[in-house]
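This one's a predicted model, so the numbers in the text were calculated from it and none came from an experiment. We count ligands from 1, going down the list as the structure has it; atoms in each ligand are counted the same way.
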Amino acid sequence: MAGPVSKKILLVGASGRMGLAITRAAAESRQLRIVAAVDRPDDGVRPPVQGRDLGTLAGLAPLGVAVGADLDAALAGAAGNGETPDVMIDFSSPASTAAHLAACARAHVAALVGTTGLGADAEAAAQSAAARVPVLIAANTSVGVTLLAELVRAAARALPAEFDIEILDAHHRAKVDAPSGTALALGRAAAEGRGIDHDAARLPIDRNGPRREGGIGYSVVRAGDIVGEHEVVFAAAGERVVLGHIATDRTIFARGALRAADWLAIQSPGRYSMVDFLGLKTAV
Ligand code: NAD
């Protein structure tokens, strides 16, 4: 449950699709306030955002928070509206996630990362940051997908190995990573449920010929403005079990991230997931 004191948010990737969705969702929240916003320096390609008011960029009334480029200054309360943040919410780019986590650890600010396509450097930085601050990394911050992952884990545990596991994801044409971070998280949940090693079982996307027995396969659609659709298919001879989730509005990720950030800001240092936040572990 949300605490009585309103939490102060530093938003990274503030002028992106998710950053602006979070800004709009935060405007409706009593528990959370955005006090600083960071996006990368203007690249001369997109419309400039540096120095612009985040509220105005999101189509709202001005927030009194100008978008800046200096994460350390924002963490120290020397940017945005001048308040020190309680929690960073990062929906930016995987290349800089490790550096963002290290900066949060130095500044003693909790870190929620929704950025996907993270590499080993981000995982290592998360482990080390978690010794000093609470860290939550979630490839999908919607409540529905968090539940779906737990259902997939339970189905994979219950169904015999003759059920092939195939994960389908569909997203808009601008999405960078494939399969999606959510698809991979669902694949890992299935592997855990079945008690197998995900990376060893993972099949290449562009495979030919008959399916390898016991493999976990991925199929990807990238087209138009699809917000995010995931399906996990357990297929055996004569029957299929299909579990899925369809996002029609990225507000669900924004609201989930804000609720999780509200919770994360008052946790002890350590690693957390959306499942910890929602308390779903006991559901299966
Ligand atoms: P986007 O490209 O619209 O926005 C990303 C923003 O981050 C851009 O404004 C960009 O300039 C900024 N940025 C990039 N590098 C930066 C840096 N080093 N410092 C500060 N800002 C930086 O992308 P998007 O659709 O908003 O998605 C952002 C990320 O969130 C992607 O990795 C995406 O896969 C992920 N995502 C996660 C969820 C979830 O539920 N966890 C949902 C949707 C998207």
Side-chain angles (χ1 to χ4, degrees), residues 10-25 36-50 52 54 57-58 67-75 79-80 88-104 111-119 121-122 125 135-149 169-186 220 222 225-230 245-261 264 272-275 277-278:
L10 157 60
L11 187 56
V12 180
S15 68
R17 276 175 292 256
M18 279 305 301
L20 295 178
I22 289 170
T23 303
R24 288 187 279 267
V38 171
D39 206 287
R40 66 181 160 196
D42 293 327
D43 53 14
V45 177
R46 304 174 313 153
V49 294
Q50 291 299 319
R52 292 198 55 195
L54 182 64
L57 280 173
V67 177
D70 186 341
L71 179 62
D72 288 318
L75 284 164
M88 174 195 77
I89 299 182
D90 181 331
F91 282 75
S92 61
S93 128
S96 40
T97 302
H100 296 175
L101 285 163
C104 284
L112 184 148
V113 174
T115 306
T116 64
L118 301 181
D121 60 331
V135 174
L136 190 157
I137 298 186
N140 195 304
T141 48
S142 92
V143 172
V145 166
T146 307
L147 174 63
L148 174 63
D169 91 83
H171 283 89
H172 54 88
R173 57 164 73 99
K175 182 155 181 70
V176 182
D177 45 332
S180 72
T182 301
L184 288 167
L186 292 170
V220 170
R222 293 287 176 268
D225 63 352
I226 303 169
V227 172
E229 304 185 4
H230 293 89
H245 179 268
I246 297 175
T248 53
D249 186 337
R250 49 178 61 80
T251 307
I252 60 165
F253 309 123
R255 285 208 200 104
L258 285 168
R259 287 176 54 202
L264 187 70
Y272 299 94
S273 68
M274 286 297 288
V275 170
F277 158 55
L278 291 166

Ordered by chain then number, the protein residues lying under 4.0 Å from ligand 1 by heavy atom are Val12, Gly13, Ser15, Gly16, Arg17, Met18, Asp39, Arg40, Arg46, Phe91, Ser92, Ser93, Ser96, His100, Gly114, Thr115, Thr116, Ala138, Ala139, Asn140, Thr141, Lys175, Phe253
Kindly determine whether Leu20 and Leu57 satisfy side chain to side chain contact (heavy atoms under 4.5 Å, CB included), including the steps that lead there.
CA-CA 8 Å; Leu20 295 178; Leu57 280 173; 4.0 Å; yes
From Thr97 atom OG1 to Asp121 atom CG, the distance as rounded to the nearest 0.5 Å
8.0 Å
Can you name the nearest heavy-atom pair linking Ala14 to Leu11, along with the distance?
CB-O, 3.8 Å
Around Asp225, counting heavy atoms of other residues, nucleotides and ligands shown, do more than 12 lie under 6.0 Å from its CG?
no
Listed once per pair and sorted, the side-chain hydrogen bond (donor to acceptor under 3.5 Å, both in side chains) pairs that draw on residues 13-25, sequence neighbours left out
Ser15-Asp39
Trace of the salt bridge (charged side-chain N to carboxylate O under 4.0 Å, His left out) decision for Arg222 with Asp169
CA-CA 9 Å; Arg222 293 287 176 268; Asp169 91 83; 2.7 Å; yes
